[in-house]
Amino acid sequence: MDQESLKRGVELTNRLGQEWFGDRLGITFLWWKGGKINKTTFLFLGFVFFVNLFLVLPLFTKDTTFSYSSSTVLMFFGNLIEGTGLVSKVYFFRILTFVSLSFAPVSFYLFVRKTALGHEPTAFLATLLYVVPTPFWGGGLPFARPILSGDGAHAFAFTFVPLLLMSVDVFIARGAPLWRTISSIGTAITAIISPFA
C-alpha cells in the first residue's frame, strides 16, 4: 500500500512536469537559498563595501585621536608607535578608523549571512540598513556616529565582534581546538580594547 501511493506520487510529479520545473526553479534561485560563499556573496559584499567607503571617505581626513582616548590599550600603542617615529599618533588612529569603518560592514554581512542560514538578500538588506543613512538613525551614518562622538575604541572592537561570535559558534558546534584558540584570543583582545564590547 505504501509503495503504491509512493509510486502514484512519483508518476504524478513526472506527469505534471514538476520535477523538471522544480529543478530549474531551484537552480535559478540557488543564490537565495545560500549555502557556501559564492559569486553572489562577493558581488553583494563588494557593493556594500564600496557604498560604505564612498559614504565614509570624508571621515578619513579628520583627526579622530580623541575618539580612542577611552581605551588605554589603543592609546598606549598610539604613543608607542609615535615614539618609534614610524607614524604619528594622528595617522595611527586614522588607520584604525579606516579599518573600523571599512571592515565593519563586511564583518556584519558575513555574520548576518551565517545567522540567516546563508540567505544573501537578508544579509544584503540588513547590511545596507547598517551602512546607509536612514531616518531610523536620524539621517547620519550609523557606524560613523560612535567614532565622531568619542566611542572609537568601542566601534573598533565591535568591528570584529561578529566574526568573533561566528568563531565561538563554530567552536561550540564542533569543539575543535583551533576554534577554541581563536575564540579565546579574539575574546581577550576584544575585551582588552573595549570591555564594553
Side-chain angles (χ1 to χ4, degrees), residues 41-42 44-115 123-169 171 179 181-197:
T41 306
F42 289 115
F44 284 166
L45 264 177
F47 181 79
V48 166
F49 177 80
F50 286 114
V51 165
N52 179 59
L53 200 61
F54 175 76
L55 290 172
V56 298
L57 202 56
L59 297 176
F60 299 142
T61 58
K62 295 186 176 185
D63 181 14
T64 55
T65 307
F66 72 95
S67 185
Y68 296 93
S69 61
S70 63
S71 175
T72 53
V73 173
L74 291 179
M75 288 305 287
F76 170 77
F77 279 112
N79 292 331
L80 183 69
I81 289 174
E82 188 175 47
T84 60
L86 292 172
V87 176
S88 72
K89 191 173 12 175
V90 173
Y91 284 108
F92 172 72
F93 288 116
R94 279 186 187 169
I95 291 169
L96 288 186
T97 302
F98 175 78
V99 169
S100 163
L101 289 176
S102 59
F103 192 67
V106 174
S107 175
F108 186 76
Y109 182 95
L110 293 173
F111 176 72
V112 173
R113 185 184 184 281
K114 174 146 177 55
T115 306
F124 180 67
L125 292 174
T127 309
L128 274 183
L129 285 174
Y130 180 67
V131 168
V132 177
T134 62
F136 301 116
W137 311 118
L141 297 171
F143 198 69
R145 184 176 290 172
I147 293 175
L148 294 175
S149 64
D151 287 332
H154 301 310
F156 182 72
F158 272 111
T159 299
F160 302 101
V161 166
L163 294 179
L164 176 63
L165 290 173
M166 287 170 57
S167 68
V168 170
D169 181 48
F171 167 63
W179 290 108
T181 306
I182 291 172
S183 301
S184 302
I185 292 172
T187 304
I189 290 172
T190 304
I192 289 171
I193 293 172
S194 168
F196 178 69

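Nothing here was measured: the structure is a model prediction, and the numbers come from that model.
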### Task
Side-chain contact test, heavy atoms from C-beta onward, threshold under 4.5 Å: evaluate it for I147 versus L101 and give yes or no.
yes
### Task
For residues F93 and L74, determine if any side-chain heavy atom of one lies less than 4.5 Å from a side-chain heavy atom of the other.
yes
Would a distance-only check, ignoring hydrogens and angles, find a side-chain to backbone donor-acceptor pair under 3.5 Å from [X] to [Y]?
X    : Y    : answer
T84  : I81  : yes
S71  : S194 : no
S69  : T65  : no
R94  : T61  : yes
T159 : F103 : no

### Task
Tell me yes or no: between the side chains of T41 and Y109, is some donor less than 3.5 Å from an acceptor?
no
### Task
Could you give me the CA-CA distance, side-chain angles and deciding distance for I95 and F92, then say whether side chain to side chain contact (heavy atoms under 4.5 Å, CB included) is met?
CA-CA 5 Å; I95 291 169; F92 172 72; 5.6 Å; no
Write down the atom of [X], the atom of [Y], and the distance for their closest heavy-atom approach.
X    : Y    : result
K89  : E82  : N-OE2, 3.4 Å
S102 : N52  : CA-ND2, 3.9 Å
V112 : A126 : CG1-CB, 4.0 Å
S107 : L163 : OG-CG, 3.5 Å
T190 : G186 : OG1-O, 2.8 Å
A153 : I193 : O-CG2, 3.8 Å

Could you state the interatomic distance from [atom1] ([X]) to [atom2] ([Y]), rounded to the nearest 0.5 Å?
X    : Y    : atom1 : atom2 : result
L110 : F108 : CG    : CZ    : 11.0 Å
T64  : L59  : OG1   : CG    : 9.0 Å
L165 : F160 : CG    : CZ    : 13.5 Å

### Message
Determine whether D169 and K114 satisfy the following criterion, side chain to side chain contact (heavy atoms under 4.5 Å, CB included), listing intermediate values before the conclusion.
### Response
CA-CA 10 Å; D169 181 48; K114 174 146 177 55; 3.5 Å; yes
### Message
Please check if the number of heavy atoms outside Y91 that lie under 6.0 Å from its OH is greater than 12.
### Response
no
### Task
Verify side chain to side chain contact (heavy atoms under 4.5 Å, CB included) between T97 and Y68, making sure each step is shown before the conclusion.
CA-CA 10 Å; T97 302; Y68 296 93; 2.9 Å; yes
### Query
Relative to the ring of F98, is the ring of F60 parallel (under 30°), tilted (30 to 60°) or perpendicular (over 60°)?
perpendicular
### Query
Of V131, V106, T127, which meets side-chain contact (heavy atoms from CB on, under 4.5 Å) against F49?
V106
